[in-house]
There are 2 protein chains.
Amino acid sequence: MVRDSARDSILDAAQAVVLERGAGHVTLEAVAERAGLSKGGVLYHFQNKDAMLSALVDRMVRMFQSVVAEKRKALGDDPERTLEAHVEAVFSMGDQTMNDAACAMLPALATNPVLLEPLRSFYRDHYGELSNSTVGPYQSAVVSLALDGLWLMEMLQISPLTEDDEAKIKLMLLRLASKPLPKSFTPN
Amino acid sequence: MVRDSARDSILDAAQAVVLERGAGHVTLEAVAERAGLSKGGVLYHFQNKDAMLSALVDRMVRMFQSVVAEKRKALGDDPERTLEAHVEAVFSMGDQTMNDAACAMLPALATNPVLLEPLRSFYRDHYGELSNSTVGPYQSAVVSLALDGLWLMEMLQISPLTEDDEAKIKLMLLRLASKPLPKSFTPN
DNA sequence: GAAACTGTACCGTCTGGTCGGTTCATATAC
DNA sequence: GTATATGAACCGACCAGACGGTACAGTTTC
């Protein structure tokens with residue numbers, strides 16, 4: 001994880017602005033002020049606003065990918081266990097980082113959905129890999145969707161789940177990610 | 001479902017604008033043009049922009065609640081089967097309506113997260129009810145989170161799932177919503 | 001003719017983006 | 001070792017356009 005300090009501190013500032021004022025109020029001036037420089041300074045580092053928002057999405061996707069890769073490595077780089085790695089990754093991030101992820105995606109979604117392309121491509125790859133899982137594509141999808149649901153809760157800041165709840169849910173998801181369900185639960 | 005034709009057609013137009021130009025480009029003028037009247041006309045029906053976005057959220061939450069209520073009734077108004085009703089409701093909506101729901105929430109999220117309060121209150125109630133389910137709170141939560149995940153996919157327009165996939169997933173979720181998992185999957 | 005509705009003109013503000021500086025550290029020349 | 005030059009980082013004034021909102025006049029409906 002290499003940090004270009006100037007660019008990264010601007011992106012950090014942008015996320016902070018999302019958190020404090022909402023995704024629709026991410027202006028160049030607001031970001032500049034939060035980052036401790038002027039609008040001109042921000043535009044020196046990013047060609048335009050879209051480039052900044054795009055970088056925000058990009059950075060977050062890469063970060064998450066690296067966490068997944070790390071967890072996958074810890075599980076022996078077994079393609080059948082990618083889903084487990086995914087579950088581990090999400091829960092290892094914690095609410096804070098999950099919120100950061102939301103703050104990175106929301107401005108892009110608000111101003112120009114095209115900027116979410118890196119995220120879309122990530123999801124395509126991810127769902128593509130799910131067919132390799134021990135538990136089959138549909139059970140995998142359910143687990144994966146539940147993780148996304150957790151993310152949505154964080155994004156809209158409406159999660160009514162306690163940490164204890166989340167720990168229990170993690171356990172259940174880990175088992176659902178590694179052990180096929182009895183036939184009475186599966187389609188066909 | 002009572003429709004105040006003028007107000008509702010403006011709200012429809014607003015959702016269309018979200019779909020076509022993105023949540024950040026929902027301006028009074030754009031909505032007016034799409035609805036076939038002028039900005040003044042829109043502002044006659046809604047005190048200001050926030051009121052319009054708020055009405056958008058409100059309408060969607062009420063719509064979804066009524067669908068859930070309908071499905072619950074069809075299942076005999078059994079508190080233990082509320083979760084099943086919820087699953088049925090989500091899948092009965094289809095991609096189109098799910099997308100509409102996203103289009104109703106996104107502008108509020110972008111301009112003023114406070115406007116999402118009706119949605120938050122809905123989720124609080126919903127998760128409160130989950131403890132009554134036959135399948136216990138954690139399994140319920142997993143099912144519910146998966147539904148939210150589906151919604152998120154639609155919201156970010158990144159769902160790589162085919163209709164066939166979704167049908168299979170629905171089946172699995174319905175079973176997970178009505179039959180407790182074997183002990184080997186549950187915490188404790 | 002009153003109430004409901006719609007259009008038009010306009011104002012003040014905000015925003016993205018441009019552009020011509022300024023600072024300052026480092027490199028090069030002599 | 002001093003003078004000159006270079007380039008990266010950044011500032012701040014400014015502009016054109018978009019936006020939310022107001023005021024008010026006109027139209028339609030009953």
Side-chain angles (χ1 to χ4, degrees), chain A residues 2-59 103-104 106-116, chain B residues 2-57 103-104 106-116:
Chain A
V2 190
R3 261 185 79 97
D4 175 337
S5 71
R7 278 174 63 99
D8 274 317
S9 72
I10 290 172
L11 295 181
D12 292 344
Q15 287 181 2
V17 171
V18 178
L19 206 61
E20 290 161 11
R21 310 192 203 177
H25 297 97
V26 179
T27 67
L28 291 174
E29 259 173 14
V31 172
E33 190 193 359
R34 196 59 167 58
L37 41 72
S38 71
K39 196 164 69 171
V42 172
L43 284 168
Y44 172 77
H45 291 282
F46 298 97
Q47 197 179 359
N48 53 35
K49 193 185 176 184
D50 273 12
M52 187 184 78
L53 300 182
S54 196
L56 214 48
V57 172
D58 236 58
R59 184 175 74 155
C103 291
L106 287 176
L109 182 61
T111 66
N112 186 359
V114 173
L115 303 176
L116 287 180
Chain B
V2 190
R3 262 183 79 98
D4 174 338
S5 71
R7 279 174 61 100
D8 273 316
S9 73
I10 290 172
L11 295 181
D12 291 345
Q15 287 180 3
V17 171
V18 177
L19 207 61
E20 289 161 12
R21 311 192 203 177
H25 297 97
V26 179
T27 68
L28 291 174
E29 260 173 14
V31 172
E33 189 193 359
R34 197 59 169 59
L37 42 72
S38 70
K39 195 165 72 170
V42 172
L43 283 168
Y44 172 78
H45 292 281
F46 298 98
Q47 196 179 0
N48 52 37
K49 192 184 178 184
D50 273 12
M52 187 184 78
L53 300 182
S54 196
L56 214 48
V57 173
C103 291
L106 286 175
L109 183 61
T111 66
N112 186 0
V114 173
L115 302 177
L116 287 180

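First the proteins, then the strands, lettered A, B, ... as listed; each starts at 1.
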Exercise. Is there a side-chain contact between B/Leu56 and B/Phe46 (heavy atoms, below 4.5 Å)?
Worked result: no

Seminar exercise, completed: Note: for A/Leu43 and B/Gly40 on DNA chain C, the residue whose nearest nucleotide lies more 5' is B/Gly40

Exercise. Is the closest side-chain heavy-atom distance between A/Arg21 and A/Arg34 below 4.5 Å?
Worked result: no

For this session: For A/His25 and A/Ala30, work out which heavy atoms get closest and say how close.
Result: O-CB, 4.0 Å

Exercise. What pair of heavy atoms forms the shortest contact from B/Val26 to B/Ala14, and how long is it?
Worked result: CG2-O, 4.5 Å

Problem set entry | B/Gln47 CD to D/dG21 C1', straight-line distance once rounded to whole Å | 11 Å

For this session: Could you tell me whether the side chain of B/Lys39 has a donor or acceptor atom within less than 3.5 Å of a complementary atom in the base of D/dG21?
Result: yes

Exercise. Would you say A/Tyr44 reaches D/dC10's phosphate, i.e. side-chain N/O to OP1/OP2 under 4.0 Å?
Worked result: no

Exercise. Looking only at heavy atoms, what is the nearest atom pair of A/Leu19 and A/Cys103, with distance?
Worked result: CD1-SG, 3.6 Å

Exercise. Is there a side-chain contact between A/Leu53 and A/Asn112 (heavy atoms, below 4.5 Å)?
Worked result: no

Exercise. Between D/dC11 atom C1' and A/His45 atom NE2, what is the distance in whole Å?
Worked result: 12 Å

For this session: Could you tell me from which nucleotide to which nucleotide of DNA chain C, 5' to 3', there is an atom under 4.0 Å from chain A heavy atoms?
Result: C/dT15 to C/dT18

Seminar exercise, completed: In whole angstroms, the gap separating P of D/dG20 from NZ of B/Lys49 amounts to 4 Å

Exercise. Looking at A/Ala108 and A/Leu115, what are the two nearest heavy atoms and their distance?
Worked result: CB-CB, 3.9 Å

For this session: Choose from D/dC19, D/dA9, D/dG12 the nucleotide whose nearest atom is closest to any side-chain atom of B/Glu29.
Result: D/dC19

Exercise. Of A/Gly36 and B/Leu28, whose nearest nucleotide on DNA chain D comes first from the 5' end?
Worked result: A/Gly36

Problem set entry | Nearest non-hydrogen partners of B/Ala104 and B/Val57, listed with the distance | O-CG2, 3.8 Å

Seminar exercise, completed: To the nearest angstrom, the CE-C1' distance between B/Met52 and D/dC19 comes to 13 Å

Exercise. With side chains defined as the heavy atoms from C-beta onward, is the minimum distance between A/Asp8 and A/Arg59 less than 4.5 Å?
Worked result: yes

For this session: Under 4.0 Å from any atom of DNA chain D, heavy atoms only: list the residues of residues 13-27 of chain A that qualify, in numerical order.
Result: none

